[in-house]
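One structure below.
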Amino acid sequence: MAIHIASAPVSWGIFEFTGITPRYTYQTVLDEIKAAGYTGTELGPWGYLPTDAETLRAELDARGLKLLSAFVPVRFADKNAHEEGEGVALRTGNLLAALGCKIIVLADDNGSDPLRTAKAGSITPADGLNADGWQTFSAGVNRVAQRVMDECGLAVAFHHHCAGWIETPDEVKRLLDMTDPERVGLCFDTGHYAFGGGDPTAAAQQFGERINHLHFKDCDPNILERVRRDGLNYMQAVAAGIFPELGKGSVDFPAVILWMKSRGYEGWGVVEQDILPGQMDSPLDSARHNREYLQQLGL
């Protein structure tokens, strides 16, 4: 039984959100992922790492890194966007398959709805999708997952995410209930689950059978209290440090890891400490801390 540990460009401030300019070249990020002791990475936003398979393979091989997945946002709440999202997922999936990846991560087009972005961490049932919206959303996830499985041979995980339509524990459960377990697994992100009002340890128990990809992220309860008290939006929460170094927030990582091991989880755990460009002086130092923290927990 093994959980392999990777990092991701988002820990260097490399986001899928539009309007955020990377501060570091991809070569620097890959060098520092390797230097911090990780053995894998995710793709990051399309076009940040090389999208030519052989070029990307050479960059990864030179550092002894493995590409394991990619995060693909789709506007699933908009039926008219499903076809476009399917094309984006297939484009990404074909690159992943060419590099020997086994899984792709789908997500909502997070940050695109003003209400959900403004109320991240404070979502109520009244802020959610209506019945028709849930049907549209879940049908889109099933559709894109099926195409990616059929044409790219990849497993699919859906990533719940604050500032998107699938944020709270109830929303995660409802989406899983409305999607085909043979097509759609769960990318369980410990920090986003806590930010969205959930208990990550309870989620590992509740959703363990569907979890096929892990993102290790912490959540600062003091910042979360401030977000809710002062009405900070999602980006303001990130800038305030809602996602600290592992072990410095509220997530009980020993319990989560123990539960995942008891489920026989064998795959990757991706360390993500979402920061904005320039938010910290040395992402490498934090990446090292996070790797050492998980090593102390036996990973």
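Nothing fancy with the numbering, it's 1 onward along the sequence. It should be emphasised that the depicted structure is a prediction, and the values quoted were computed from it without experimental measurement. Computed from heavy atoms alone, side chains included, the values below leave out hydrogens, waters and symmetry copies.
- Taking the side chain as every heavy atom from C-beta outward, Ser11 and Asp274 never approach each other to under 4.5 Å.
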Under the criterion side-chain hydrogen bond (donor to acceptor under 3.5 Å, both in side chains), I'd like the reasoning laid out for Tyr24 against Glu32: C-alpha separation, chi angles, the key distance, then a yes or no. CA-CA 11 Å; Tyr24 303 99; Glu32 294 194 351; over 6 Å; no
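- Cation-pi check for Arg23 over Trp12 is not met; the charged atom does not lie both under 6.0 angstrom from the ring centroid and within 45 degrees of its normal.
- Of all heavy-atom pairs between Pro169 and Tyr193, the closest is CB-OH, 3.1 Å.
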Could you walk me through whether Leu224 and Asp220 pass side chain to side chain contact (heavy atoms under 4.5 Å, CB included), step by step? CA-CA 6 Å; Leu224 181 55; Asp220 187 322; over 6 Å; no
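- By the 30° and 60° cut-offs, the orientation of the rings of Tyr234 relative to His161 is tilted.
- Of all heavy-atom pairs spanning Ala237 and Ile223, the tightest one is O-CG2, 4.2 Å.
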For Phe188 and Arg210, run side chain to side chain contact (heavy atoms under 4.5 Å, CB included): C-alpha distance rounded to whole Å, both residues' side-chain angles, the deciding distance at 0.1 Å, then the answer. CA-CA 9 Å; Phe188 177 44; Arg210 294 288 289 274; over 6 Å; no
Given the rule in the side chain to side chain contact (heavy atoms under 4.5 Å, CB included) test, do Gln135 and Met178 qualify, once you have shown the distances and angles that lead to the verdict? CA-CA 8 Å; Gln135 290 294 334; Met178 294 181 71; 3.5 Å; yes
Would Ile257 and Phe216 count as a side chain to side chain contact (heavy atoms under 4.5 Å, CB included) if you check the C-alpha gap in whole Å, the side-chain angles of each, and the deciding distance to 0.1 Å? CA-CA 10 Å; Ile257 292 167; Phe216 287 124; 4.1 Å; yes
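- Thr41 approaches Ala8 most closely through the heavy-atom pair OG1-CA, 4.0 Å.
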Could you walk me through whether His160 and His192 pass side-chain hydrogen bond (donor to acceptor under 3.5 Å, both in side chains), step by step? CA-CA 7 Å; His160 58 96; His192 276 285; over 6 Å; no
Given side-chain hydrogen bond (donor to acceptor under 3.5 Å, both in side chains), test His289 with Gln273 step by step and report yes or no. CA-CA 11 Å; His289 164 89; Gln273 187 183 352; over 6 Å; no
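- Within the 4.5 Å cutoff, the side chain of Leu175 has no heavy atoms near those of the Trp165 side chain.
- Across Ser69 and Val105, no two heavy atoms sit closer than the pair OG-CG2, 3.4 Å.
- No donor-acceptor pair under 3.5 Å is formed between the side chain of Asp61 and the backbone N or O of Ala58.
- Between Phe158 and Phe137, the angle of the ring planes goes over 60°, which puts this pair in the perpendicular group of the 30/60° scheme.
- Here the closest non-hydrogen pair linking Arg228 and Gly121 is NE-O, 2.7 Å.
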